[in-house]
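Scope of the values below: all heavy atoms of this structure, side chains included, with no hydrogens, waters or symmetry mates. What you see is a predicted model; the values in this text were computed from it and never measured.
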Amino acid sequence: MEDDVSSLLDGLNTAQREAVAAPLTHVLILAGAGSGKTRVLVHRIAWLLQTGQALAPTILAVTFTNRAAGELRGRISELLGHTPSGLWSGTFHGIAHRLLRIHWREAQLPESFQILDSDDQLRAIRRLLKASGLDDKTYPPRQVQHFINQCKEQGNRAHQLSLAGANSWQIQVTELYASYEQMCQQSGLVDFAELLLRTYELLRDNEELRVHYQNRFRHILVDEFQDTNFLQYEWLKLIAGQHNYLFIVGDDDQSIYGWRGARIENIQSFPKQYQNVIMVRLEQNYRSTAMILKAANAIISRNEHRLGKELWTDGADGDPLFIYSAYNEEDEANFIISKIQAAGGAYQDNAILYRTSAQSRVIEEALIKAQMPYRIFGGMRFYERAEIKDALAFMRLVAHRDDDTAFERVINTPKRGIGERTVENIRVVARQQGLSMWQAVNGMIQNGVIKGRSLNSLVAFQKHIETLAEQRERLFLSQFVEFVVKESNLHAHYQKEGKEEAQRRIENLDELANAAVGFEDRAQEGLDPLTELLAHAALEAGTNQGSAGEDCVQLMTLHLAKGLEFKRVFLCGLEEGLFPHQNSLDEGNLEEERRLCYVGITRAREQLYLCHCETRYRYGQRDFSAPSRFLNEIPSELTDSVRLNTPKVKAHTGARDGFQLGDRVLHEKYGEGVIVDQEGQGEFTRVQVAFADQAKWLILSYARMERITAIKLSQR
DNA sequence: GAAAGCGTGTTTTTT
DNA sequence: ACACGCTTTC
């Protein structure tokens, strides 16, 4: 036993050991990028178990994303050689969901409550707006959605909001929030924020349950703590109570989700919030070269509000960072491609990272032209696809007839002759009588309110759902999925859309049946496979990457790159206004942009290329931007530049007025030419130069840019 | 009920 | 420039 335990510390560095073997008190691990954070988390859990300080059921491990949760679970099993039973690990939402499924009665939910994803939520809000007769120009659905979610994340129910001093918009939206809450309760629907809020209230208001879980979860480990929002932190505090131990892992320098409610203060003030906090910094980096780390440190050190940390490595210095000043976005893309080709090796060792997803298009086009395989991360995910959501909506109705969002989705899809008029009538009756739409239809048929073709169609629809429900009892889940798809005529429905599209949709539906197989054995644990599948679909929308497995160049936004690493990274679009993004500058969020840059830089193991364009199309207009300030924040001894050989022309401190029409210029890329046109406005001067075979617009000066792109050879 | 026209916004995205 | 969502039109 002794040996087992000490072997857990073998191969860890001093700081990691200190973290893993920390005494039982609150612990804050400031884990720099690439410093072995997951390793520490996993070893800490193993340490607690193997030293006998904790039994598995007393441990709760919380992560943010399903990816992190999966990795954590996998590595715990790997390290221990088995999966500890009774240990709870998962995402905030996953764990909240689990609690609500167990305590649905105490949480005042129907046993078969369903989860509303963001898309369902938005649709529900649209319908509510319409029902309230509100103009969706004045009350944009997305804004209303944001308002509601924000309230919930602040822990506020509609009735708790103070309307003192509120304007009419706020009053109106608060009313909408109230009717949204009522609708969800009526239909037994729970959105993402509700999962957390409902669990929070459940434990807060139910002493018996609260004490039970506080006594159970002695050890609470939290990953990516810098990403927690207000409610998530309150939720943790509630479960931790006065006597349990919080083991918090995070990195304030990698907080990049402030815009969606993450509170960097949560981690920054944690040592002040609790007494007896042991703080451990993991600063030794096992990922990147010293050059890359120095650049990362230099940039992030410009941020004022940090707990402070400096990455180091005992590895090699590595190559200098390479800065490329492209002429435009196509040049930028081609440069990246040429470097990937020159480097050779696997394509998947290369990642192209950008600030905004719009930047991917030009790069994608260049990759296609170069016939280089690539994969773009982001975009539509498996369970978000229309055909999947259609099929799932039928199943949701089977599981829970009162699910109005599912009802609305499939009441006339595929077309079954139930028009908007009829659906509206159902909505009105449901609202007036406080019923779900399914119940309303029942009543309306019995009372003979509905007649003719609508009646037949509605009866057929009811029968359809009941037929599906009967089969649910008889079939394995995967067979049931196939049955639902077939019986609901979904194939024929999509076939109308054109051949290739239909083919893809049908393949996805087959894949859904495939995925269902994985839930069939849940029945042995006393769980209902269908409920499990539906929850999974909402909580884990699936991967958003295309053809996995192939050797591809990887394209993604900087945000999506967090937590990943690549041998070679291309950071592109490093331009003022794009990165840092203008909106962030306007809102005074420069520090978060800088953290994003830090995240991007620290993704690279060996080579890092930083690109900026002198000009690019933005919003349909050619735009000229100065290089990003982040480039200037990297010490020049760490960088090489393609313009390194460009002589600086002393005579032209402001090249703006040093050039005239007719001047002969030498340009490093295009050779010799003559200035034939000139325009300059504000900070910029551009000239059109006629080269041997083409004319090019070039930038001669930026207001704050020392580098010039062309030098004057002679005057004429 | 589909196609065409119009107006508008356009950072980042997980659960 | 371009994509979207909504309205108009046939």
| said: In this structure, how many angstroms lie between the C1' atom of B/dT14 and the NE2 atom of A/H146, rounded? | reply: 14 Å
| message | Tell me the interatomic distance from A/H581, atom NE2, to B/dT13, atom C1', rounded to whole angstroms. | response | 15 Å
| request: Evaluate whether the aromatic ring of A/W259 and the six-membered ring of the B/dT12 base sit under 5.5 Å apart, centre to centre, with an inclination under 30°. | output: yes
| Side-chain N or O of A/R381 closer than 4.0 Å to phosphate OP1/OP2 of B/dT15 | yes
| said: Atom CZ of residue position A/R453 - does it have more than 12 heavy atoms of other residues, nucleotides or ligands inside 6.0 Å? | reply: no
| said: Using heavy-atom distances to pick each residue's nearest nucleotide on DNA chain B, tell me which of A/E384 and A/S584 is more 5'. | reply: A/S584
| query | Rounding to the closest angstrom, what is the interatomic distance between C/dA3 and B/dT14 at atom C1'? | reply | 24 Å
| request: Verify whether the ring centers belonging to A/Y213 and A/H103 lie closer than 6.0 Å. | output: yes
| message | Between A/S488 and A/L490 (side chain of the first, backbone of the second, donor and acceptor by atom type, cut-off under 3.5 Å), is there such a pair? | response | no
| Starting at NE2 of A/H97 and ending at C1' of B/dT15, how long is that distance when rounded to a whole Å? | 12 Å
| query | Please give, in whole Å, the distance from C/dC2 C1' to A/E365 CD? | reply | 12 Å
| remark: From CG of A/D191 across to P of B/dT15 the rounded distance in Å is 16 Å
| Does a donor on one side chain and an acceptor on the other come within less than 3.5 Å for A/R396 and A/T405? | yes
| request: Figure out the CZ/P separation between A/R361 and C/dA3, and round it to whole Å. | output: 7 Å
| message | Which residues in residues 63-72 of chain A have a heavy atom closer than 4.0 Å to any atom of DNA chain B? | response | A/F64, A/T65, A/N66
| query | Can you tell me if A/D117 uses its side chain to pair, donor with acceptor, with the backbone of A/D120 under 3.5 Å? | reply | yes
| Relative to each other, are the rings of A/Y233 and A/F225 parallel, tilted or perpendicular (30° and 60° limits)? | perpendicular
| task | Verify the contact: side-chain N or O of A/S118 to OP1 or OP2 of B/dT14, cut-off strictly under 4.0 Å; return yes or no. | result | no
| With a 4.0 Å cut-off on heavy atoms, is A/S357 in touch with a base, just the backbone sugar-phosphate, or nothing at all? | sugar-phosphate
| note | Separation of B/dT15 atom P from A/Q114 atom CD, nearest Å, is 19 Å
| said: Please report whether the ring centroid of A/W259 lies less than 6.0 Å from that of A/H559. | reply: yes
| query | Expressed in angstrom and rounded to an integer, what is the separation of A/Q226 atom CD from B/dT14 atom C1'? | reply | 14 Å
| First of A/L539 and A/R618 reached from the 5' end of DNA chain B, by closest nucleotide | A/R618
| request: Tell me whether the guanidinium CZ or amine NZ of A/R595 lies under 6.0 angstrom from the six-membered ring centre of A/Y598 and within 45° of its axis. | output: no
| note | From the candidates B/dT15, B/dG1, B/dT13, the one with an atom nearest any side-chain atom of A/T91 is B/dT15
| query | Does A/Y383 have a side-chain nitrogen or oxygen under 4.0 Å from the phosphate oxygens OP1 or OP2 of B/dT14? | reply | no
| Ion pair A/D390/A/R409, N-O distance below 4.0 Å | yes
| request: Quick one: label A/R616 by what it contacts on the DNA or RNA (base, sugar-phosphate, nothing), any heavy atom closer than 4.0 Å. | output: nothing
| message | Could you check, using the six-membered ring where one of them is a Trp, whether A/W104 and A/F113 have ring centers closer than 6.0 angstrom? | response | no
| Sequence-aligned protein contact record of nucleotides 5-10 of chain C, with B where the base is within under 4.0 Å of a protein heavy atom and S where only the sugar-phosphate is | -S----
